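Some notes on the structure that comes next.
The first residue of the sequence shown is numbered 1, and numbering continues consecutively from there. Fair warning: this is a prediction, and the values are worked out from it, not measured in the lab.
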Amino acid sequence: MPAIQGFNTLRARSYLLRLPLFTRAMIVVMVAFWLASLQSVWDVRQWGALIPDELSLTTMYRVNTFPLIHLNFFHALINILSLTPLLERFEHEFGTLTSFALFFGPLTTIPAFLYIFLEKFIFRGNVAVMGASIWVFLLLGMEGIRTYKTNPHLVIGTHHVPTWTTPLVMALVIEALVPSTSFVGHLCGVGTGYLFGLGYLKFLSPPEKALRWIEARLNLLGRLPHYVSVDQKTYGRFGVLPTTMPRLISAAMALRRDPRLLKLPPYISLLCVLVGVVWLLLLPLDQYSRRTYISENALLPGQVHTYFGGSDQHVFRAYRHEVDALQNSTNIQVNDELEKIFKGVGLKVGRQNYTYHSSGETYTGENVYAILQAPRGDATEAIVLVAAWKNVDEEFNRNGLALALALTRYFKRWSLWSKDIILVVPPDSRAGMQAWVDAYHDAHDGAQVAALPIKSGALQGALALDYVQDGRFDSVHIAYDGVNGQLPNLDLINSVVNIASGQMGMGSALQGLLRHSQKYDDNLRTVMRGMLSQALGRAEGPHSCFIPYHVDAITLKPVGNGWHDEMGLGRLIEGLFRSLNNLLEKLHQSFFFYLLIHKHRFVSIGTYLPSAMLIAANFTIMAISLWVKSGYKQVELAKDTPKAEGGAKDGDEKKEAAPNSVVVERQTLLPLTLVAGSQFLGFVPLFVFNQTPSSLLTPAFAIFTLLNAALPHLASVFLTSHIRQPPSPQQYHLIKSFSLLLLGMFLSALATLNFALAFLVGLLASPLSFTRPWADDWIGARYAHAAALHLLSPPVVVLVASLLAGVDVHEVLREAAFGWNVWGMYTPLIIWCVWWPAWLVGEIVVLGRPKDEAKEKKA
């Protein structure tokens with residue numbers, strides 16, 4: 001990557017050494033308060049923050065101290081960096097004494113009292129505020145008024161936006177992107193800045209005569225270094241911040257052609273990737289996560305007494321005996337016996353056939369289900385209890401089915417149900433449940449899945465039982481990941497944890513971690529396992545099929561060795577069903593996008609999403625920079641310079657070559673054709689791996705891996721030697737720009753739907769941002785770069801991941817094809833139609849040999 005030449009350390013050092021006195025003092029004071037906040041003896045933030053309910057005559061100092069105190073290091077750093085240039089210009093205009101009098105007078109107390117009035121008497125709150133951002137927005141408000149007087153509108157298309165609204169827009173952006181900011185406090189600062197800029201607060205400024213007398217009496221200009229006197233200001237007594245808008249605009253226009261500016265995007269992109277990774281690694285810390293809580297008050301988990309037990313244990317054992325007798329029976333024979341049991345209890349029974357085809361294999365079976373009509377309902381809502389004949393690991397679910405039958409018989413005796421209860425028994429946990437859910441919502445393919453003969457109302461929730469373990473257990477494992485990484489409402493998981501721990505004395509486990517220390521290592525392990533499960537997008541249990549239809553569902557699986565038996569698990573299910581029975585509407589108040597750290601802590605989407613967005617943004621940044629770079633061309637212009645020798649005669653000159661940038665027309669046909677062709681080419685592996693018979697998947701993958709290694713070389717040779725006009729350096733820039741632009745756009749949209757998949761694909765594809773053609777003199781570097789990039793190609797990553805997981809690549813491809821054909825899983829689409837085309841274009845760029853136009857002209 002090129003070296004940075006646009007940053008001048010000497011100029012930066014000179015700027016810092018010329019900072020005026022008041023600005024220096026404020027920086028020192030803010031840093032001192034931050035250092036003081038590191039100790040635990042004296043709570044600096046509680047002492048100096050602006051807290052409405054804590055303000056009195058003895059604590060009136062808070063209206064002046066709150067801008068100097070910050071929450072943490074980053075809060076202080078960002079505010080100091082933002083405030084320094086603004087405050088420095090203000091002090092150079094008004095003088096040091098005036099700045100001190102105003103910022104520890106009306107410019108701080110007015111927004112402080114305004115905030116207290118709004119927060120305490122209008123919003124009835126008591127939110128504490130601190131930090132110098134209120135000064136930043138106050139100074140921006142002044143600048144906005146000054147800019148409005150010289151340039152009233154900013155023209156965007158056909159719209160004229162008043163320039164004085166710029167600080168308000170910035171306040172909205174900060175509120176949306178930065179957590180724990182005070183939007184009301186920032187508005188108070190902007191409003192005060194507007195009033196000062198319009199001249200309504202000029203009477204509050206100290207008299208100039210008094211300032212001159214103080215300066216002369218104390219000889220401040222001679223005694224204090226970096227002091228700015230009243231006479232040194234240049235923009236008027238009661239003006240606003242000096243503006244350099246015309247110069248800034250001209251400088252910005254010049255920067256578009258400055259080659260040094262185009263050297264920064266690679267470093268900015270690398271910084272985005274690093275910050276995104278570090279951001280994710282910080283999430284398991286308690287400071288960045290939140291404690292779980294119940295948002296839906298109607299659930300009332302654990303507030304009812306459960307009665308399942310006693311004689312119901314004999315019923316459970318009898319049903320288990322009957323289920324054991326059917327273990328070696330066919331699917332039809334099992335359903336015949338289950339139908340007799342359901343009808344004997346007094347339930348309506350339905351059966352459904354289905355047949356799926358995937359990878360040359362046929363998945364056929366018959367579901368049986370029964371509906372317990374609610375005594376207090378009108379069949380408009382229902383809760384589903386699932387007990388598959390076999391779980392996702394193809395293990396016989398004997399205890400789960402027996403417990404579901406015993407619970408259904410027990411529920412039938414109660415008259416408190418306001419929602420129907422549906423017991424579904426599919427022959428497996430993969431295809432059968434998907435067929436039933438699709439048919440229930442009339443979204444099935446009639447050629448493969450039969451319609452349901454009977455239905456109930458809208459599904460409010462679902463619970464699947466995976467109880468293959470014999471003997472007593474210690475905890476229940478909660479599986480909650482849905483197809484394509486979708487998640488149930490967090491209230492459902494919190495309800496299970498609340499009932500299990502509070503009422504049953506039962507442990508809860510997530511993501512296979514049966515013993516969680518609630519320390520960083522286990523927190524990070526839980527997050528990583530959850531992200532991997534979401535990124536794969538496969539069904540983790542029968543519950544996964546419900547979530548795409550906005551039906552909150554989970555699977556419970558007893559694990560460990562303890563003292564809890566099937567009656568305890570039954571009471572847990574009874575308590576959860578009683579809670580769901582209380583609902584007046586679907587769960588909606590809690591989170592649908594989250595990362596669980598452990599059973600009592602989670603990270604919401606507003607906290608974890610920036611990590612994936614930063615990685616996606618690195619592609620967009622590079623795409624834009626390459627687009628700008630492709631519009632200019634470096635040429636050498638001859639300029640006349642006098643000879644260096646002192647005895648040169650008049651008119652004696654010599655010619656020197658000066659580099660310059662000229663605007664050139666972009667040749668976009670070839671780049672657009674190549675990028676579009678690569679995108680459509682991604683459908684070939686998508687079709688091959690989803691339609692190839694299972695027995696041929698491994699050979700097909702091996703052949704594709706070999707072709708994948710040769711294809712970039714063949715494409716590069718074709719582009720450089722077999723077309724009439726080989727690509728120029730500009731066209732290689734455009735090829736890479738278009739490819740990265742599409743990749744950044746896809747991943748940004750995907751991050752809001754499947755954060756984990758977007759993050760992992762973006763991280764693995766991040767080296768594509770730094771690809772470039774190599775000159776013929778660096779042929780070794782060219783092929784070394786191509787080989788390194790090939791190690792991160794999708795086929796190689798799939799192969800390595802399969803080996804690390806101890807799974808045959810055949811099983812991975814077979815499962816992916818089944819997910820695509822049955823579950824509607826879009827992970828293969830992202831890999832082969834988003835990631836792989838971008839990788840292919842990146843390899844072509846690395847292996848490219850751009851046409852050297854200068855050499856051609858000389859020839």
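Between Ile554 and the options Ile547, Asp481, Leu487, Leu492, a side chain to side chain contact (heavy atoms under 4.5 Å, CB included) holds for only Leu492.
A distance-only check finds a donor-acceptor pair linking the side chain of Ser579 to the backbone of Leu299 [under 3.5 Å]. Looking at Asp474, its side chain never comes within 3.5 Å of a backbone N or O of Gly562 through a donor-acceptor pair.
With a 6.0 Å radius and a threshold of 12 heavy atoms from other residues, nucleotides or ligands, Leu584 has its CG atom at or below the threshold. Residue Asn561 qualifies as open at atom CG: its count of foreign heavy atoms under 6.0 Å is 12 or below. Summarising the local packing, NE2 of His357 is surrounded by more than 12 heavy atoms from other residues, nucleotides or ligands at distances under 6.0 Å. Heavy atoms from other residues, nucleotides or ligands lying under 6.0 Å from NE2 of His810 number more than 12. Heavy-atom neighbours of Lys348 NZ from other residues, nucleotides or ligands within 6.0 Å: at or below the threshold of 12.
Ring geometry for Phe591 versus Tyr293: interplanar angle over 60°, hence perpendicular rather than tilted (30 to 60°). Taking the six-membered ring for Trp and thresholds of 30 and 60 degrees, His598 and His600 have ring planes more than 60 degrees apart, a perpendicular arrangement. The aromatic rings of Trp823 and Phe818 lie perpendicular to each other, with more than 60° between the two planes, well past the 30° mark. Using cut-offs of 30° and 60° for the angle between ring planes, the Phe396 and Trp389 rings count as tilted. Using bins of under 30°, 30° to 60° and over 60° for the plane-to-plane angle, the ring pair Phe704/Trp836 lands in the tilted bin. Relative orientation of the Phe316 and Tyr467 rings is parallel, given thresholds of 30° and 60° on the angle between their planes.
The CD1 atom of Ile499 lies 10.5 Å from the CZ atom of Arg578; values are rounded to the nearest 0.5 Å.
Gln469 and Asn399 get closest at one heavy-atom pair: O-ND2, 2.9 Å. Closest approach of Asn484 to Asn754, counting heavy atoms only: O-ND2, 3.1 Å. Between Met504 and Leu572, the shortest heavy-atom distance links the atoms CE-N, 3.8 Å.
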query = Please walk me through it: do Tyr608 and Phe755 pass ring-ring contact (aromatic ring centres under 6.0 Å, His included)?
reply = CA-CA 9 Å; Tyr608 69 70; Phe755 159 80; 4.5 Å; yes
task = List the steps, then state whether side-chain contact (heavy atoms from CB on, under 4.5 Å) holds for Phe592 with Ile605.
result = CA-CA 9 Å; Phe592 288 95; Ile605 184 173; over 6 Å; no
task = Kindly indicate, with the supporting measurements, whether the criterion side chain to side chain donor-acceptor pair (under 3.5 Å) is fulfilled by Ser289 and Arg601.
result = CA-CA 6 Å; Ser289 61; Arg601 299 199 72 86; 2.9 Å; yes
request  = Please assess Thr355 against Thr364 for the test side chain to side chain donor-acceptor pair (under 3.5 Å), listing each intermediate value before the final yes or no.
outcome  = CA-CA 4 Å; Thr355 302; Thr364 185; 3.3 Å; yes
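Asn581 and Ser418 are linked by a side-chain donor-acceptor pair at a separation below 3.5 angstrom, with hydrogens and angles left out of the test. No hydrogens or angles considered: nothing links the side chains of Glu540 and Thr555 as a donor-acceptor pair under 3.5 Å. Side chains of Asn690 and Asn821: no donor on one and acceptor on the other come within 3.5 Å. Looking only at atom types and distance, the side chain of Asn489 has no donor-acceptor partner in the side chain of Asp552 under 3.5 Å away. Donor-acceptor pairing under 3.5 Å is recorded for the side chains of Asn367 and Gln352.
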Contacts under 3.5 angstrom, residues 420-433 side chains, donor-acceptor by atom type, not counting sequence neighbours:
residue, atom, partner, partner atom, Å
Asp420, OD1, Ala374, N, 2.7
Asp420, OD2, Ser456, OG, 2.6
Asp428, OD1, Ala431, N, 3.4
Asp428, OD1, Gly432, N, 2.9
Ser429, OG, Lys390, O, 2.7
Arg430, NH1, Glu815, OE1, 3.0
Arg430, NH1, Glu815, OE2, 3.0

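In this structure, Asp565 does not pair ionically with Arg571, as no charged nitrogen and carboxylate oxygen lie closer than 4.0 Å. Of the charged side-chain nitrogens involved, none lies within less than 4.0 Å of a carboxylate oxygen, so that Arg320 and Glu322 do not count as a salt-bridged pair. A salt bridge links Lys455 with Asp442: the distance from a Lys NZ or Arg NE/NH1/NH2 to an Asp or Glu carboxylate oxygen falls below 4.0 Å. Of the charged side-chain nitrogens involved, none lies within less than 4.0 Å of a carboxylate oxygen, so that Arg409 and Asp312 do not count as a salt-bridged pair. Salt bridge present: Glu361 and Arg814 bring a charged side-chain N and a carboxylate O closer than 4.0 Å.
If you look at Tyr826 and Trp820, their ring centroids are not closer than 6.0 Å. Residues Trp414 and Tyr307 bring their aromatic ring centres within 6.0 Å.
In this structure, Ser329 and Leu326 have side chains that are in contact, with non-hydrogen atoms separated by less than 4.5 Å.
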